[in-house]
Amino acid sequence: MKFTLSWLREHLDFTVSLDEIVSKLNAIGLEVESVENPADSLRGFRVAKILEAHRHPDADRLQVCVVAAGGDYEKVQVVCGAPNARAGLHVIFAPPGTYIPGSDITIKAGKIRGQESGGMLCSLRELGLGAESDGIAELPETVVLGQPFADYAKLDDPVIDISITPNRGDALSVRGIARDLAAAGLGHLKPWLVETVEGQFASPINWDIQYDTACPYIAGRLVRGVKNRPSPDWLRQRLESIGLKPISALVDITNYLTFDLGRPLHVFDAGKISGNTLSLTRAARETFRALDGRDLVLGTDDLVIVDSAGVQSLAGLIGGEATGVSDETTDVFIEAALFDAVRIALTGRRLGIHTDARQRFERGIDPALVLPGLEAATQLILSLCGGEASEITSAGAVPAWQREAWLRFDRLETLGGVEIPSGEATRILEHLGFAVHEQDETRACFAVPSWRNDVATGVTLDQAPHLDPAQAQNAAASVHAIEAENDLIEEVLRIYGLDSVPPLPLPLKTAIAAPALTPAQVRLGDLRRLCALRGLVETVGFSFVSHEDALLFGGAPEGLRLLNPIASDLNQMRPTPLINLARAWQRNAARGLSDAALFELGPCFHADGQKLVLAGLRGGETPRRPGTRAQPMTLWDAKADLMAALEALKLPAEALSVTADAPGHYHPGRSGVVRQGPKTVLGCFGELHPRVTRAMGIDSTLVVFEIFLDAVPLPKVKRRQPPALSAFQPVSRDFAFIVAPGVEAQAVLKAARGAERALISDVRLFDVYEGGSLEAGHRSLGIEVTLQPVKASLTDEEIEAVSEKIIAAVAKATGATLRR
């Protein structure tokens with residue numbers, strides 16, 4: 001909502017500074033977005049007079065002018081190229097050092113074709129105030145030489161832009177803002193009374209309401225014999241100052257009253273209305289040409305104003321091109337109405353219409369301002385455009401808006417948190433328009449003004465004395481009374497000053513909010529971040545894949561085949577997200593991005609139900625680095641991704657085992673299954689089977705992993721003591737065991753880890769050797785065992801004893817022998 005300081009003075013008598021007004025607006029909830037003064041960009045420009053004008057001796061299109069500018073520039077020679085520069089003309093002069101906003105230059109003194117030039121004579125376009133012109137601006141002879149041009153043009157008028165919350169429709173008017181400031185003690189609100197214009201004849205156009213839920217009341221009158229001309233300077237400047245483009249006096253009057261009083265209006269060219277009745281009804285499914293030239297497709301819930309020829313206005317939003325006023329308009333019909341806020345909002349949102357009228361109607365306008373607004377518009381039209389007004393014609397009735405609200409003064413402290421004298425609270429509400437109907441020492445009853453739609457409906461005067469809201473919580477009237485009382489408390493605190501409310505800490509139980517996410521949701525977020533940190537890019541694929549792709553991954557039951565797919569190649573519920581990842585990698589590779597790493601966290605579908613899966617895929621090669629060549633991706637890269645994810649899920653590595661029975665879409669010799677215990681399958685990793693990649697048209701090796709999240713238990717919430725750091729040096733020992741065919745490395749690792757749990761902190765495999773002097777099928781597995789003493793440093797004898805235990809434990813569990 002924009003307004004100027006001078007416009008505010010039309011409604012508020014004040015002497016305070018602009019800074020005080022801005023500070024108070026922020027304090028009472030009308031947040032100031034910006035303050036701009038057009039005069040700031042016009043500093044330096046002044047009114048001057050051309051005393052002499054002679055043709056430039058070396059340029060036919062230039063003139064050498066002697067200019068009287070007043071002050072330090074009594075007489076200045078200026079070279080000017082404007083064709084209308086002549087002696088005796090009053091002009092706008094820019095001395096050296098002045099910035100020209102329309103040309104983005106700063107004036108400097110100098111010579112032009114050999115002649116001294118000490119400034120510039122300007123057009124309005126060069127000041128950023130007008131359109132292109134053929135010469136410099138010509139000012140009237142009544143101007144004062146040397147006067148700042150901003151003062152002469154009355155442009156030294158700051159423009160204030162405030163942000164309005166949706167509940168404060170009354171603040172979308174200059175008068176509403178002035179009322180709030182007066183209540184806050186920054187001046188006195190000037191009375192506003194509009195004289196009734198007596199109708200000289202019966203209106204030839206009448207109203208007919210057929211959609212009363214969207215329009216309960218509407219009024220209008222005809223003004224004949226008008227002359228639509230450009231608006232006077234005061235009206236044009238007022239609209240231009242807030243960013244509105246003046247159109248004509250008839251249109252500008254309605255725009256002015258929309259911002260001045262918050263009363264949207266519309267004017268029809270009466271000569272273009274067919275018939276003698278304007279009806280408010282539901283639109284048919286039809287197209288309507290609006291004033292802005294758009295063709296709007298209307299729906300059956302939209303409220304329109306129609307004559308015998310069709311739709312002439314989209315009520316409350318925008319008028320129609322067919323009945324718009326023009327310079328030839330001689331008879332005009334003025335409309336003032338009440339429209340349903342919800343209906344206006346829904347229609348405006350659906351059609352993408354954003355007008356000043358919509359902004360006010362959808363927030364609720366003053367129902368008592370229909371006829372006064374119509375009278376104000378009539379007076380302005382008669383004074384600016386002439387003519388003769390008819391009697392007012394109307395239809396429907398103004399809805400009953402009268403209501404009361406009680407305020408218990410002690411609630412200002414118990415609910416609002418600050419002690420405010422009852423007299424001060426009453427004064428504030430009265431200045432806001434709340435009239436006192438009844439009052440005693442403890443409470444008062446106020447009549448809610450018509451413009452405060454945001455104040456809840458209270459109770460009637462005959463109900464209120466017999467109703468104690470504190471003792472009748474279940475009564476509907478009590479609930480409304482409490483809501484209305486809370487609204488009054490809010491208004492008193494807002495004007496009195498929210499800064500005066502002392503801050504209090506919340507009770508501990510309410511100060512700490514409960515977690516917004518469940519542990520399962522937190523876990524999914526952690527997995528996504530982990531995958532991203534490991535260089536995988538998240539994808540989101542359809543849950544549908546082709547039946548042929550599903551067959552390749554071993555999951556295409558007829559019960560999960562779609563009868564009505566969105567596309568012919570999306571006719572099967574996917575058995576795994578790996579299908580989508582492989583297809584995504586294929587599309588990237590076709591565009592030269594074969595070194596792609598992707599993951600998806602989403603559902604897969606099987607005959608026994610839906611499961612949540614984290615799947616990842618890597619293809620191509622590792623990045624090249626100094627001293628390291630690019631290497632093809634291997635199953636170990638996929639296993640590393642899987643194990644990192646399981647570690648993030650709080651699953652210790654020693655509790656997991658790996659078997660070689662991966663599903664059929666994995667390479668049989670380059671894959672594995674990670675289990676927790678003998679039965680629980682947590683995930684799979686490895687290369688995709690060459691048969692699968694060839695069938696999909698992929699000629700590269702892809703390594704993948706899957707984690708079946710439904711099988712991963714949530715970690716138990718329990719207090720854990722952080723591990724104690726030992727002050728003693730750890731000791732590492734290497735062992736090489738020769739194992740028979742079929743013995744898995746994890747069996748060796750598990751046996752070694754269990755040999756002496758009090759001292760062994762880590763066991764890892766670092767070497768696998770086959771061939772040479774070893775028997776066929778036998779392997780040598782090199783493991784590193786880390787011993788971490790806790791109470792004292794280990795002696796050689798103790799280390800040797802632990803080593804013997806490790807050798808014995810591995811031999812007993814796997815039959816392995818120590819390699820000598």
Side-chain angles (χ1 to χ4, degrees), residues 527 530-539 541 549 552-554 576-601 613-648 653 656 658-674 682-707 744-746 749 764-772 779-782:
L527 287 176
L530 173 71
C531 291
L533 288 171
R534 295 185 63 82
L536 299 167
V537 177
E538 184 173 13
T539 68
D549 282 351
L552 293 174
F553 286 80
T576 172
L578 291 179
I579 301 175
N580 306 74
L581 296 180
R583 289 301 184 191
W585 183 91
Q586 185 182 37
R587 289 189 293 271
N588 278 275
R591 291 162 176 79
L593 302 174
S594 59
D595 297 334
L598 311 172
F599 83 94
E600 180 176 352
L601 202 163
V613 176
L614 172 64
L617 176 148
R618 292 182 185 271
E621 297 181 332
T622 60
R624 291 183 298 174
R625 296 184 178 89
T628 304
R629 293 183 298 176
Q631 301 289 333
M633 294 292 179
T634 68
L635 75 157
W636 306 116
D637 296 298
K639 183 181 180 183
D641 291 330
L642 183 144
M643 297 306 291
L646 292 179
E647 182 180 359
L656 306 178
V658 179
T659 59
D661 52 346
H665 53 275
Y666 284 89
H667 191 295
R670 299 174 185 173
S671 60
V673 175
V674 178
L682 301 180
C684 305
F685 67 91
E687 294 182 11
L688 277 184
H689 199 293
R691 169 182 53 82
V692 173
T693 55
R694 283 196 301 269
M696 299 182 76
I698 299 173
D699 58 0
S700 297
T701 298
L702 301 180
V703 297
V704 299
F705 72 89
E706 297 171 277
I707 298 178
E744 296 177 348
Q746 69 177 1
L749 297 175
R764 67 182 187 88
L765 178 71
F766 69 86
D767 181 59
V768 177
Y769 175 75
E770 295 178 290
R779 294 180 299 165
S780 173
L781 302 180

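Start at 1 with the first residue, then count along the sequence.
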I need the minimum non-hydrogen distance between [X] and [Y], along with the two atoms involved.
{"X": "A645", "Y": "L530", "result": "CA-CD2, 3.4 Å"}
{"X": "A615", "Y": "L581", "result": "O-CD1, 3.5 Å"}
{"X": "E621", "Y": "A630", "result": "OE1-CB, 3.4 Å"}
{"X": "L749", "Y": "R764", "result": "CD2-C, 3.9 Å"}
{"X": "H689", "Y": "G664", "result": "CD2-O, 3.8 Å"}
{"X": "A745", "Y": "R779", "result": "N-NH2, 4.4 Å"}

Separation between [atom1] of [X] and [atom2] of [Y], rounded to the nearest 0.5 Å:
{"X": "L781", "Y": "D767", "atom1": "CG", "atom2": "CG", "answer": "8.5 Å"}
{"X": "Q631", "Y": "T622", "atom1": "CD", "atom2": "OG1", "answer": "5.5 Å"}
{"X": "Y666", "Y": "L688", "atom1": "OH", "atom2": "CG", "answer": "7.0 Å"}
{"X": "L635", "Y": "F705", "atom1": "CG", "atom2": "CZ", "answer": "13.5 Å"}
{"X": "M633", "Y": "E687", "atom1": "CE", "atom2": "CD", "answer": "12.5 Å"}
{"X": "H667", "Y": "L702", "atom1": "NE2", "atom2": "CG", "answer": "12.5 Å"}

Could you note down all residue pairs passing side chain to side chain donor-acceptor pair (under 3.5 Å) where residues 577-588 supplies at least one of them, sequence neighbours left out?
D549-R583, R574-N580, R583-Q586

Tell me which pairs pass side chain to side chain donor-acceptor pair (under 3.5 Å) where either residue lies in residues 691-700, with sequence neighbours left out.
none

Any side-chain heavy atom of T576 sitting closer than 4.5 Å to one from P663?
no

Is the shortest heavy-atom distance from the side chain of R618 to the side chain of L536 under 4.5 Å?
yes

Tell me whether E647 at atom CD has more than 12 heavy atoms from other residues, nucleotides or ligands lying less than 6.0 Å away.
no

Would you sort out whether L601 and C531 count as a side chain to side chain contact (heavy atoms under 4.5 Å, CB included), showing the intermediate values?
CA-CA 10 Å; L601 202 163; C531 291; over 6 Å; no

Per the side chain to side chain contact (heavy atoms under 4.5 Å, CB included) rule, which among V674, D637, V704, D641 passes with F685?
V674

